[in-house]
Each structure stands twice: as C-alpha cells, then as structure tokens.
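Notes for the one structure printed next.
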Amino acid sequence: KGFQVSMSNLDTVALPYECLQSRIKIVADRIGKPLSLTEKVLYSHLDDPENQELKRGESYLRLRPDRVAMQDATAQMAMLQFISSGLSKVMVPSTIHCDHLIVAQSGGEEDLKKAKEINQEVYEFLQTAAAKYGVGFWKPGSGIIHQIILENYAFPGLLMIGTDSHTPNGGGLGGLCSNYDQLIELDLNTLEPHVNGPFTPDLSHPISKLGDNATKNNWPLEIKVCLIGSCTNSSYEDMSRCASIAKEALAHGRKSKIPFNVTPGSEQIRATIERDGIAQILRDFGGTVLANACGPCIGQWNRKDVKKGEKNTIVSSYNRNFTGRNDANPATHAFVTSPELTTALAIEGSLNFDPTVDSIKGSDGKEFKLNNPFGTELPAIGFDPGQNTYQAPPADGSSVNVVVDPNSKRLQLLEPFKAWNGKDLENLPILIKIKGRCTTDHISGAGLWLKYRGHLDNISNNMFLTATNSENNKMNKIKNQITGEWGAVPDTARDYEERGVSWVVFGDDNYGEGSSREHAALEPRHLGGVAIIVKSFARIHETNLKKQGVLALTFAKAQDYDKVQPTDKVSLVELNKFVPGKPLKCILSHTNGSKDEIMLNHTFNEQQIDWFKAGSALNRMKQIIAA
Ligand SMILES: O=C(O)C[C@@H]([C@@H](O)C(=O)O)[N+](=O)[O-]
Ligand code: SF4
C-alpha cells in the first residue's frame, strides 16, 4: 500500500492501479456479474463510474486514457490541432515517435542520415512542439511507435490513445483475466500458413494454393523483392525465426535469390540482433538492414528495380498491401504474410514455391527441405538498448519557440472550420460517386504525399486520387457539374469551393477502411465537402469524419446506392430535427426532373451532433473551455 511504481521508466507518473481498481469495483457492484478483460480495461477508465450509461454496443463511454502516443506522420496534424486549442500543456503522459518519414533506399545508416536532412523542418517542429507542450520525443532512428510502446509503455490494464491504427498492438500485453464474452477454439494443426493479396489483405491463399491461384489470375509468379519487419512483425523473436531459416539455407550454400530488406522494429531490436549475430546472418543471406522505421510499408521506398507501371510481385511481412501503397506503382502485386514465410519465399523467389512441402536444391546439387523455423522469444542475456534516442519533455517548456513558416510547403497552421449555418443542405453537387473499395489510402495516399501531412492545403491535392469513379470506372477523372468539364478530383473540389458550393460524396461498403489518418477526413472537409454517404463505414474513419464536422451517413436501404446518378443534386433536409437515432431525409433531384427521397442512417450521439453544429469537435471543445 502506498508503494508507487511509475508508469514507465521514462515517466514520473505512477501506475494508476489503485484508481483503476476502485472504478472497477464501483462498476462491478452496479453490474453484479463478472467482467470481461475489455470491460475491466474500459470501465476502470470511466470519467464517471457511478453514473455512466453502460449499454453494451450502444453507450458512448467518456473515458480517461492513461497516455497518448503519436507517430510523426499524424503527430503534425495532432500538434497543430493542439496548438489551435490554446491549451498550454498535455494532460496525460504523451509521446511523439519519428518512424513514418524515413525513406528506404540504401540501408539504415545512410537512409536515416538523409531523412534527418530532408525532414529537418518537420522534425524541428515536432521536437519543439513536444518540448513546449510537455510531450516526450522519440527521435528518428528510435524505431516504430508500436514496438517502442511494447518495449516501454504497455502494461496490463493500460488505456492509451494512439494516432495510428495499429495502436492495439500494445494490447498484446493485456494480461490474463477471469470472464470471456466468447470462446473461439482454433486447432492450429489444421491451420496452414497463408499469404494474402494482391491489393488487399482480405484476399487470403493457403500456401499450398498460392502458386495455382497466382497462375489462374495471371499474377507474376516471380517475386522481385521480399521485405520483413513493420510495427507488428519486427520483434526479436520474429528476427530470430527468420535467421533460423536463413542459417539453414546458408548451410546448404543457398541464400536469398532476390533483394531482401530487413526492418528492425526499434533501436533496441537493431542493437540486440546486431549483438547476437542475427543481423549478420540476415546480411549473409543477402539482406539489407534498413532504418528502424516504417519505410516501404507506407511507401517510403526509393525503389529502383522496376519502373512505374511495370507489373511485378513483392512479398512482405507488412500490414497492408493496398494498390500502390509500398512503391506508388499500381502494377505492383504486393502480398503480405509472416516474416518467416517471407524469408523462405526469398530463397526461390517464386510464388510457386511452397516451403512447407517443396525441397530446395543446395549448391552441392543435393535436395533439402527447410525445417520449421524456431526463434528465441527473449534474448537470454537481455536486450541491448542501443543508442539513447529519447528526449524527455523539460519541466517547463513554455518558453520554447515553435516555428511554422507561413511559406512552408510542409507545415501550415490550422484555421477553424466554419460552424453549421443552421440551414438545410439544398441541391448540392456530387463530387464523386465512388464504386468498390475505398480505403484511407484511396482517399489520402501515403508514399510521396507523406511529406505534406503537416500542410492541410497541400496534402488535399491527393484527395480521392485512386478512388474509382462509378461513372467511368476511372481514377481521378470526374465531371465538374457546374462547368461540364472533366478533370481531377482535387481541382474540381477546389473549383466548387471557390464558387462557395458545398458538395457530397457517395461511396460503397467499408468506406475508409485501413489507416487512422485523419487527413482522409480533414481533406474533404477542407475542400468543401459536407457529407459522405455510403453503404457502410470503417469504424475509425466514421469517427474521424464526425470529429471534423462532416455528416457521416449510411443508406438505410443499401440498394438506394443505385438510385444515385452522378449528375443528381442532393438535398439533406429537416436538419433542425437532427437527433440521435433518427434517420435523415435525403432528396435526389435527377436531371430528368424526377426525384427520389431516401432515408440515411447515422450514429451521431448528442455530443457529436454538437460537433457538427460547432463545425468540428475541436471548435466544440473550445466553446466548452471558453464557457
Ligand atoms: O497514415 C498514417 O499516418 C497512419 C496509418 C499508417 O501507419 C498506415 O499503416 O497506413 N495507420 O495505420 O493509422
Ligand atoms: S502498418 Fe506500416 S506504416 Fe503503419 S505503423 Fe505499422 S509499419 Fe508503420
């Protein structure tokens, strides 16, 4: 009792277990039955455990997170929004992690040096904003946010807000607990390794069928590059399992047939795999050790081996493989799988090779088969922390000067979005009616655009560039409904905006899947979009739209999507009756004079409707603070 342990060895704030347990007790007494792990983590962070409404799947919980973590591609916008809030310091321990902006080309040291030069302005902004507002700063080279969280910050029961969709990775240390909502039994002996792709992580192939499926679909069988690493596949164990395969190949005089890139998840992983000889084995196998960063996973890859438009296949252990995501080449067929399967496939460099059954010819001409990979979960003699790349926030950063050059191409201070004018939205043009998959990479691509993530007007030039227009099945070719001219999506949106004309977008299922990037919501809002109307939303993106004051609406009847003509004028009426749980009325006025009235569902609660009325959640927060 009374003995305090700090939340991490980099913070002074104590682990909050006493407070968490007292809140759980209050809720457990209210509910009167055992709680699942998720309920324990959430309810122990309730702002008002005595009175919070607790309807599973319905209630919006007001929560107090223990900490916040931001990666550098989203932290710029997060800190710009924080600066515009007028608050003087963060309320909970927070950190910024420089991991998304380092371009992979020749290898770790060289790439990191170049990144520090190229991104100097952005790193300087983040480093000074961190110091000024009390945020810890992990310098470029520290590693990927989620690996660092696992190494320094995650603890059982933690509730953390992260500006990246893989933040739940830290939940892996959630610890065991007594009550489950559902028990799913998986017989792992029946589960064979799978490889997913191309163009989506949802297209899954058992390794035994991969070659046939690739042949049937005319996907290139030859693998051009294999890449291991990423925020969720770059632990010490991952690397040591890959090294066990590399070592076996080397023992038979074989190595990777193709370029093989290795991304350590953090400086600690890099230093430890160097110390333990694992990095050298991977280099002997033909590997290039890249910087501790996201790199090619998010298109930070200065790829030289194929030309843009050239059809080719790559295999990685990354998390995503959407069109063009890794190298901005829409013809790159990217497949994702485990780090060890990626390593094994590199030996023969073909999708037609099944390392679980096929043998390999050694340099002595003799056939051999790979044994199952094995790894070491934790290094026997502990981790080598490597270089210290962490900057703790000073006790008082108020005098720190944060520079945002008004002529910068990469950073721009934010202007508040306008509040709703209290009127219905009448006869708006449709900017684009999107057909099929529309991920956040389609709405706001990464790759070369990542450099503009701190400049809302400049990054808006990538808006919807790779979304498919239902009218012509083309990307980035839409008709301006006022001038009749065909043009690029961002230019057309800017033309409407300059004319003071708001617009809407229609979309398909799981709209906005993938990344957390708020830019996919900020950009349409910035260029004059007022409503996104789709068959269904991806959860994170729907919330991002609401936060930015955009009406995130879904067809009450999915088939109403087919009633929408790209030339329609769209009205959203009776908005004065916009309340939780009540669908909104939409009138489609077709060019032939006929009209269709359809109903649109939404998931806005009272607080979020206030965000819409105020123009954004940030505007609403400032109203509350000022009141
Ligand atoms: O786009 C971003 O900056 C965040 C994004 C990125 O890490 C990604 O994997 O796409 N994510 O996953 O949330
Ligand atoms: S998914 Fe890729 S880009 Fe996103 S955080 Fe992980 S490594 Fe970085």
Side-chain angles (χ1 to χ4, degrees), residues 68-80 95-104 115 119 122 126 138 140 142-150 160-170 172 196 200-201 227-235 238 261-266 269 290-301 314 316-328 334 336 339 342 439-456 459 462-463 466 512-523 538-541 543-544:
V68 171
M70 300 168 266
Q71 44 89 336
D72 54 352
T74 46
Q76 297 165 63
M77 206 47 87
M79 291 313 289
L80 286 164
T95 47
I96 289 174
H97 301 259
C98 295
D99 57 4
H100 277 61
L101 298 175
I102 298 169
V103 175
N119 301 312
V122 168
L126 290 173
W138 287 87
S142 303
I144 305 172
I145 177 173
H146 308 306
Q147 182 62 31
I148 296 205
I149 288 167
L150 277 181
M160 175 172 70
I161 294 179
T163 64
D164 190 277
S165 63
H166 284 94
T167 303
N169 193 45
N196 295 8
T200 167
L227 310 98
I228 62 170
S230 107
C231 55
T232 37
N233 288 311
S234 56
S235 67
D238 289 321
N261 286 334
V262 179
T263 296
S266 70
I269 298 287
L290 300 176
N292 315 322
C294 304
C297 180
I298 191 160
Q300 302 311 295
W301 184 14
I314 62 171
S316 81
S317 71
Y318 296 154
N319 290 298
R320 293 187 176 123
N321 57 353
F322 301 130
T323 308
R325 176 176 164 97
N326 304 107
D327 59 2
V336 289
T342 304
T439 71
T440 45
D441 278 79
H442 291 88
I443 305 168
S444 173
L448 296 175
W449 290 96
L450 229 50
K451 66 169 79 72
Y452 298 116
R453 281 285 188 86
H455 196 293
L456 180 54
I459 195 160
N462 78 349
M463 189 179 72
T466 59
E513 82 170 275
S515 139
S516 70
R517 62 194 74 157
E518 208 171 24
H519 301 75
L522 284 160
E523 294 175 31
R539 185 180 48 79
I540 296 179
H541 186 63
T543 306
N544 282 343

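Here the structure is a predicted model, which means the values were calculated and not measured. Both counts, for ligands and for their atoms, begin at 1 and track the order of listing.
Closest protein heavy atom to atom 12 (O) of ligand 1: S165 OG, 2.6 Å. Looking from atom 7 (O) of ligand 1 to the surrounding protein, the closest heavy atom is D164 OD2, 2.5 Å. Distance from atom 5 (C) of ligand 1 to its nearest protein heavy atom, with residue and atom name: S515 OG, 3.2 Å. The shortest contact between atom 4 (C) of ligand 1 and any protein heavy atom is with Q71 NE2, 3.2 Å. Remark: minimum distance from atom 1 (S) of ligand 2 to any protein heavy atom is reached at N319 ND2, 3.3 Å.
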Practice task
Check the pair M70, T95 against side-chain contact (heavy atoms from CB on, under 4.5 Å), reporting the backbone distance first and the verdict last.
Solution key: CA-CA 6 Å; M70 300 168 266; T95 47; over 6 Å; no
Practice task
Any chance you could lay out the side-chain contact (heavy atoms from CB on, under 4.5 Å) test for I96 and M79, step after step, and finish with the verdict?
Solution key: CA-CA 10 Å; I96 289 174; M79 291 313 289; 3.9 Å; yes
Exercise for the section: Begin with the C-alpha distance, continue with both residues' side-chain angles, and end with the deciding distance and a verdict on side-chain contact (heavy atoms from CB on, under 4.5 Å) for M160 and V68. Expected result: CA-CA 6 Å; M160 175 172 70; V68 171; 5.9 Å; no
Exercise for the section: Begin from the C-alpha positions of D441 and R517 and carry the test salt bridge (Lys or Arg N to Asp or Glu O under 4.0 Å) through to its verdict. Expected result: CA-CA 9 Å; D441 278 79; R517 62 194 74 157; 3.5 Å; yes
Exercise for the section: With side-chain contact (heavy atoms from CB on, under 4.5 Å) as the test, would you mind laying out the steps for D72 and H97 before giving the verdict? Expected result: CA-CA 6 Å; D72 54 352; H97 301 259; over 6 Å; no
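Residue contacts with ligand 1: T163 is placed with no nitrogen or oxygen under 3.5 Å of a nitrogen or oxygen of the ligand (distance criterion only).
Counting the atoms of ligand 1 from 1 in the order shown, those under 4.0 Å from a heavy atom of R320 are 8 (C), 9 (O), 10 (O), 11 (N), 12 (O). The distance from ligand 1 to the heavy atoms of R453 drops below 4.0 Å at these ligand atoms: 1 (O), 2 (C), 3 (O). Residue C231 has at least one heavy-atom neighbour below 4.0 Å for each of these atoms of ligand 2: 1 (S), 5 (S), 6 (Fe), 7 (S). Below 4.0 Å from some heavy atom of C297 lie the following atoms of ligand 2, by number and element: 1 (S), 2 (Fe), 3 (S), 7 (S). Less than 4.0 angstrom separates some heavy atom of A73 from each of these atoms of ligand 1: 3 (O). If you number the atoms of ligand 2 from 1 as listed, the ones under 4.0 Å from a heavy atom of D164 come out as 5 (S). Near C294, with a cut-off below 4.0 Å to any heavy atom, the atoms of ligand 2 are 3 (S), 7 (S), 8 (Fe).
Proximity of R325 to ligand 2 is established by a heavy-atom distance of less than 4.0 Å.
The distance from atom 2 (Fe) of ligand 2 to the nearest N/O/S atom of H166 is not under 2.8 Å.
The shortest side-chain heavy-atom distance between T466 and F322 does not fall under the 4.5 Å cut-off. T163 places none of its side-chain heavy atoms less than 4.5 Å from the side chain of M77.
In terms of heavy-atom proximity, S444 sits nearest to N462 at OG-ND2, 3.1 Å.
Side-chain contact, S235 with D238: a donor N or O sits under 3.5 Å from an acceptor N or O. Side-chain contact of N319 with T232: a donor-acceptor pair under 3.5 Å is present, judged by distance alone. Side-chain contact check for S165 and R320: at least one donor-acceptor pair (N or O, by modelled atom type) lies under 3.5 Å.
With a heavy-atom cut-off of 4.0 Å, H100 touches ligand 2 through its side chain alone. Counting heavy atoms closer than 4.0 Å to ligand 1, residue N319 contributes nothing at all. Contact annotation for R517 and ligand 2: no heavy atom of the residue comes within less than 4.0 Å of the ligand.
Among L290, I314, I228, the one residue that satisfies the side-chain contact (heavy atoms from CB on, under 4.5 Å) test with N261 is L290.
Ranked by closest heavy atom to atom 9 (O) of ligand 1, the top entry among R325, R517, H519 is R325.
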